[in-house]
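In what follows, chains are A, B, ... by sequence order, proteins preceding strands, each numbered from 1. What you are looking at is a predicted structure, and each value in this text was computed from that prediction instead of being measured. The analysis underlying the following values was restricted to heavy atoms, covering all of them including side chains, and did not include hydrogens, waters or symmetry mates.
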Number of protein chains: 2
Amino acid sequence: MDLRRLRYFVAVAEARSVGKAAERLRMAQPPLSVQIRKLEAEVGAPLFRRGTRGMDLTEAGQALLARAGEALALAADGVEAARAVAAGRRGRISIGYMFALANAVLPRLIPELRRSIPGVELHFAELSASTREARLLDRSVTVALCMPAINHPEIQVARVGAQPLMLAMPIRSPLSRLGAVPMAKLHGRPLIALPRPEQDPASSAVTALLRRHQVVMPIASRVETVHSAMSLVLAGEGFAILPACAKLGAPQGIVFRPLRDATDSIDVAVCWRRDSHSPLIRTFLKCAEKVVAPM
Amino acid sequence: MDLRRLRYFVAVAEARSVGKAAERLRMAQPPLSVQIRKLEAEVGAPLFRRGTRGMDLTEAGQALLARAGEALALAADGVEAARAVAAGRRGRISIGYMFALANAVLPRLIPELRRSIPGVELHFAELSASTREARLLDRSVTVALCMPAINHPEIQVARVGAQPLMLAMPIRSPLSRLGAVPMAKLHGRPLIALPRPEQDPASSAVTALLRRHQVVMPIASRVETVHSAMSLVLAGEGFAILPACAKLGAPQGIVFRPLRDATDSIDVAVCWRRDSHSPLIRTFLKCAEKVVAPM
DNA sequence: GTCAGCCCATATATTTTCGGTATGCCAATG
DNA sequence: CATTGGCATACCGAAAATATATGGGCTGAC
């Protein structure tokens with residue numbers, strides 16, 4: 001079965017004439033006549049009744065016509081859908097993000113995306129840092145919102161903003177009465193730490209900050225996520241040094257205070273596979289920049 | 001768009017490899033590779049990610065694949081449907097019949113047809129003689145059950161049985177006490193006549209019968225259908241000479257009596273357009289013969 | 001009745017496209 | 001570093017599609 005034959009068939013059926021159909025198809029009449037007869041040979045039955053005033057579908061022809069039109073439309077639609085996906089007008093983008101950014105970014109990011117790419121299905125997944133990396137690599141997420149960026153040769157990174165580091169503590173802590181906490185006050189206090197520097201440069205910003213101010217904080221616990229860190233802070237296990245936006249997801253009873261004399265910040269980045277060329281990624285990046293930069 | 005390309009595309013997508021797909025398609029690998037690239041050029045976007053271990057659909061490719069499979073199935077289904085219709089395994093047959101045959105024939109004909117051609121849609125239309133002819137000619141009915149046959153150069157006829165002529169009268173008529181009515185008793189009595197001989201040879205059987213027996217019956221009324229004839233008989237307008245099977249559709253109060261010494265009968269025929277070659281017509285004819293002949 | 005016109009079918013030539021073979025290129029692997 | 005697996009490219013012969021020219025049947029007009 002050849003789609004061209006079906007197209008010709010439909011044209012002849014609609015024109016009820018080989019000659020008229022040939023004209024509409026911008027071709028000569030004899031080859032069209034030949035193609036129709038070949039189609040009839042392939043089906044094994046006449047599809048048209050030849051009269052002296054044109055052609056007319058037989059019952060078998062009507063049965064074929066009903067499906068042929070749909071098949072043509074479906075094939076055309078398939079090509080169009082592929083083009084739309086390739087152009088980023090349709091399709092889906094799966095977005096991995098971290099808990100700490102959810103409340104700060106998503107409420108503004110989602111409407112922005114809906115405006116830019118209305119035909120695109122959006123998927124969101126809150127993922128830990130290591131899962132974000134794994135799922136970027138296996139393509140089960142298209143882009144990841146990270147803080148800080150993922151460091152991997154296959155993964156491309158674009159910085160879209162930064163978040164100052166702040167001290168998170170229980171409201172009952174005496175330090176919470178200060179407007180800004182001097183670094184020196186942290187010395188010796190227990191720290192809730194995020195993953196090790198070599199796995200996640202996030203905590204390296206914190207260790208660099210402490211080292212520069214010659215502050216030593218014993219590590220009370222290590223946790224995987226910002227969320228866990230805040231739970232432990234609330235439980236009184238210690239202090240955490242977190243990006244400012246985490247405040248928006250913090251439970252009652254935790255307060256954030258700036259660190260006096262410390263302008264350290266941590267980058268917010270969009271990450272994606274180097275070999276993903278979907279235009280949706282560019283669009284997503286633009287939206288993320290617009291939303292994150294002013295924070 | 002060419003269906004072959006789509007078929008190749010689906011094969012490669014399923015095999016996730018040009019080489020494997022080529023093997024399954026019984027062709028060499030290079031031409032398949034060429035066709036895939038042509039398809040990609042036509043779509044205007046890559047459909048596969050080429051890795052070192054085969055090929056993998058891009059998002060655009062997935063969008064196309066979803067429709068391509070359906071389009072292929074639909075095209076194949078269309079051809080199969082056309083074949084089935086041409087072979088008489090599917091489709092529809094529209095059957096025009098006359099009132100007088102409805103009760104006598106349809107209850108046995110319909111199950112017979114359902115058994116012979118279970119996949120075929122049956123349409124029934126009770127039609128007057130002239131309408132049957134017109135609708136055969138414009139193909140809005142496929143076959144007609146007639147009594148007697150239609151006489152027209154475009155229409156082919158097959159006799160499938162015969163019905164003896166009987167006298168229909170009100171039960172209160174004195175003649176109804178006779179087991180069989182001698183022809184001579186009809187002389188001078190009013191006749192409810194069906195359409196003129198030149199339009200419908202049905203009544204010519206009646207006039208021939210009367211002429212042969214030298215019986216004269218004044219025409220009380222002319223009616224279009226057997227049904228009307230019986231209504232007038234019941235109303236006491238006169239007598240009618242009708243095929244025996246009309247008895248099954250007769251209202252209460254009418255009796256049928258054989259005519260002594262008159263073996264005249266009227267043919268039951270199946271009629272169809274000479275240029276209709278559907279195998280359904282042959283099948284219908286067989287069923288009608290089986291059902292009508294023993295009557 | 002004949003003649004012109006319309007429409008589809010057939011025949012032949014040309015062009016396009018397809019499929020096969022040979023070969024190249026790249027990456028992963030031992 | 002050679003080998004292997006997999007896709008891409010090059011080129012050639014074959015098949016199929018298209019165009020032009022022509023034939024033949026039916027219709028309708030003069």
### Task
Whole angstrom is fine here: how far is it from CZ in A:Arg53 over to P in C:dG5?
13 Å

### Query
Does any donor atom in the side chain of B:Thr58 or B:Arg49 lie under 3.5 Å from an acceptor atom in the other side chain?
no

Compare the minimum distances between each of [options] and the side chain of [X], then state the nucleotide with the smallest one.
X	options	value
B:Ala28	C:dG20, D:dT18, D:dA8	C:dG20
A:Arg4	C:dT21, D:dA17, C:dC7	D:dA17
B:Ser33	C:dA9, D:dT9, D:dA19	D:dT9
A:Met27	C:dC6, D:dC7, D:dT18	D:dT18
A:Arg37	C:dA9, D:dT18, C:dT21	C:dA9
B:Lys38	C:dT17, D:dA17, C:dA9	C:dT17

### Query
Sub-3.5 Å donor-acceptor pair from the side chain of A:Arg50 to the main-chain atoms of A:Met55, do we have one?
no

### Task
Remember a base hit wins even if backbone is also touched, and classify A:Gly51 as base, sugar-phosphate or nothing at under 4.0 Å, heavy atoms.
nothing

### Message
Does B:Tyr8 reach a base, just sugar-phosphate, or nothing at all? Heavy atoms under 4.0 Å.
### Response
sugar-phosphate

### Query
Between A:Arg50 and C:dC7, does any side-chain N or O lie under 4.0 Å from OP1 or OP2?
no

### Query
Which heavy atom in A:Leu127 sits nearest to a heavy atom in A:Gly96, and how many Å separate them?
CD1-CA, 4.0 Å

### Query
Does A:Arg16 or B:Gln35 map to a spot on DNA chain C nearer the 5' end, using the closest nucleotide for each?
A:Arg16

